[in-house]
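The shown structure was predicted, so the numbers you read here are calculated from the model rather than taken from an experiment. By convention in this document, chain letters (A, B, ...) are assigned in the order of the sequence lines, proteins followed by strands, and residues within each chain are numbered from 1.
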Number of protein chains: 2
Amino acid sequence: MTDITLLVVDDHPVVRNGLRSMFAAAPGFAVLAEAADGREAVALAEELRPDVVLMDLRMPGGGGVEAITEITRRGLPCKVLVLTTYDTDTDTIPAIEAGATGYLLKDAPREDLFNAVRAAAESRTVLSPDIAARLVTRVREPRSGTLSAREREVLRLVSRGTANREIAAELFISEATVKTHLTHIYAKLGVKDRAAAVATAYDRHLLP
Amino acid sequence: MTDITLLVVDDHPVVRNGLRSMFAAAPGFAVLAEAADGREAVALAEELRPDVVLMDLRMPGGGGVEAITEITRRGLPCKVLVLTTYDTDTDTIPAIEAGATGYLLKDAPREDLFNAVRAAAESRTVLSPDIAARLVTRVREPRSGTLSAREREVLRLVSRGTANREIAAELFISEATVKTHLTHIYAKLGVKDRAAAVATAYDRHLLP
DNA sequence: GGCGGCATCAGCCGATCGGTTGATGGCAGG
DNA sequence: CCTGCCATCAACCGATCGGCTGATGCCGCC
């Protein structure tokens, strides 16, 4: 049986080395090359035609999502397995839309990683459990912009730099309630802090 | 000498009472009425023609800025003295543009408040020291969107919910440097936290 | 040839945030 | 009637943030 050929894309040399040595130590894999950004990745994918591209998102100079888009646009035969540190809707959804075959977090056990690469090579989709769960709840409830009136009000104040305690005073409710609203807002928007919530709200035109 | 007539506008009954009793205890002032939101404020200002309107910004149902705009638009003879808890550019600049005669923070000493009202009654502008300083530095340097490339990069990551430590890893710099960049960003945008920075950046089209 | 902007880093500290768990009441829809 | 969503509140805790002070090196400008 032939080895599964790989292209490793990450801006961190350390990570690239780590992946390369992991796959060198395991049978059935061959790392063809490494790239440090999206542009390099596309060029090498075209030239070397690896089976699977291990792609980091968020790189300086040519983000991962753009690279995935370009690879699928050019009809290159390789599968893209996203391997990143973070799990925000802002990252995952675009990557999957762009054509990623799988999506794993970097803290995944090495065996999971190997399995994911094998799966990707056969065009089977593999998602890390967290991502999968988030996608499911997202599909199940198309809650785009389903913020309640109260939640929008809280978010508006947040976008003006108002602290939770001040928001509480402003709306005549307790600080605990403000925090509850915020937790719900984060869940609905798929983010993890107020800054991202504000950004997402602007993106989805939930704020003026 | 005739008393200076006042209209107190604040959504907090407590604050309204506090102001009313403060001015009742001091000679030379007469509180004509109170309003709980912007709409009421405009109506009462038109009806009672007070010398000075003490106006809170940020009220449910008819914000303070809108009320000020409306008052000046109608050519009402009263001066508006903004009296608020917060001091963000997002609040002060629009209020002053709308036609506020003065701008005080609620933690100002009572004597300052009295003086400010007397000044406002004579159309003299009174700003709290903090506000004044901020306005000066703002006029001196027309720093609209003068974020450096690095600062924009940091802000972009912030808008995606990235923590300082993660931003540091992403950009290959230390967490301390990220914090420094953020402090500069806050200063340049006239805000006090990352959420407001993101909102302001969107407003000024500094972020896609 | 100093002056200012930019980028980098350190350490300390209090304030704030976000997660977690759990609970209550109201109101709508099935 | 029960289930789900909304709004409200509490207490605790670790993580993060932001302010403050201070320092270094680089570069462009006048």
Protein within reach of the bases, or only the backbone? For nucleotides 18-30 of chain D, mark each nucleotide 5' to 3' as B, S or -, using heavy atoms under 4.0 Å. BB-----------

Measure [atom1]/[X] against [atom2]/[N] and give the value in whole Å, please.
| X | N | atom1 | atom2 | value |
| --- | --- | --- | --- | --- |
| B:Leu157 | D:dC17 | CG | C1' | 17 Å |
| B:His184 | C:dC9 | NE2 | P | 14 Å |
| B:Arg152 | C:dC6 | CZ | P | 11 Å |
| A:Glu153 | D:dT8 | CD | C1' | 14 Å |
| B:Ile173 | C:dT8 | CD1 | C1' | 8 Å |
| B:Phe172 | C:dA7 | CZ | C1' | 16 Å |

[X]: what forms a side-chain contact (heavy atoms from CB on, under 4.5 Å) with it, not counting sequence neighbours?
| X | result |
| --- | --- |
| B:Asp51 | B:Ile4, B:Thr5 |
| A:Arg150 | A:Ser148, A:Glu153, A:Leu171, A:Ile173, A:His181 |
| A:Glu47 | A:Leu44 |
| A:Arg20 | A:Val31, A:Glu34 |

Which one, C:dT8, D:dT16, D:dA10, comes nearest to the side chain of A:Ser174?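 The nucleotide sitting nearest to the side chain is D:dA10.
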
Look at the side chain of B:Ala163 and decide which nucleotide, out of C:dC9, D:dT16, D:dA7, has an atom nearest to it.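 Side chain of B:Ala163 sits closest to D:dT16.
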
So does [X] get a side-chain nitrogen or oxygen closer than 4.0 Å to the phosphate oxygens (OP1/OP2) of [N]?
| X | N | result |
| --- | --- | --- |
| A:Arg165 | C:dA15 | no |
| B:His181 | C:dT8 | yes |
| B:Lys188 | C:dC6 | yes |

Show me the donor-acceptor pairs, under 3.5 Å and distance only, between side chains in residues 110-120 of chain B and residues at least two apart or in other chains.
{"residue": "B:Asn115", "atom": "OD1", "partner": "B:Arg118", "partner atom": "NH1", "Å": "2.9"}
{"residue": "B:Asn115", "atom": "ND2", "partner": "B:Glu111", "partner atom": "O", "Å": "3.2"}

Using heavy-atom distances to pick each residue's nearest nucleotide on DNA chain C, tell me which of A:Glu175 and B:Thr177 is more 5'.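 Its nearest nucleotide lies further toward 5', so the answer is B:Thr177.
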
Closest-nucleotide 5' rank along DNA chain C - winner of B:Ala176 and B:Ser148: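 It is B:Ser148 whose nearest nucleotide is closer to the 5' end.
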
Five-pair end axes of the helix from C:dG1-D:dC30 to C:dG30-D:dC1 and the angle they enclose, rounded to 10°: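 End-to-end axis angle for the helix from C:dG1-D:dC30 to C:dG30-D:dC1: 60°, rounded to 10°.
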
Please say which of A:Val198, A:Leu147, A:Leu155 ends up in a side chain to side chain contact (heavy atoms under 4.5 Å, CB included) with A:Leu206.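 For A:Leu206, the side chain to side chain contact (heavy atoms under 4.5 Å, CB included) check succeeds only for A:Leu147.
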
Run the side chain to side chain contact (heavy atoms under 4.5 Å, CB included) test on A:Leu81 and A:Thr101 for me, step by step, so that the C-alpha distance in whole Å, both residues' side-chain angles and the decisive distance to 0.1 Å come before the verdict. CA-CA 6 Å; A:Leu81 180 58; A:Thr101 301; 6.0 Å; no

Counterpart residues, salt bridge (charged side-chain N to carboxylate O under 4.0 Å, His left out), relative to B:Glu70 (two or more places apart):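 B:Arg73, B:Arg74.
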
Any pair counted as ring pair (Phe, Tyr, Trp, His ring centres under 6.0 Å), so long as it reaches residues 183-208 of chain B, sequence neighbours left out: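 The answer is A:Tyr202-B:Tyr202.
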
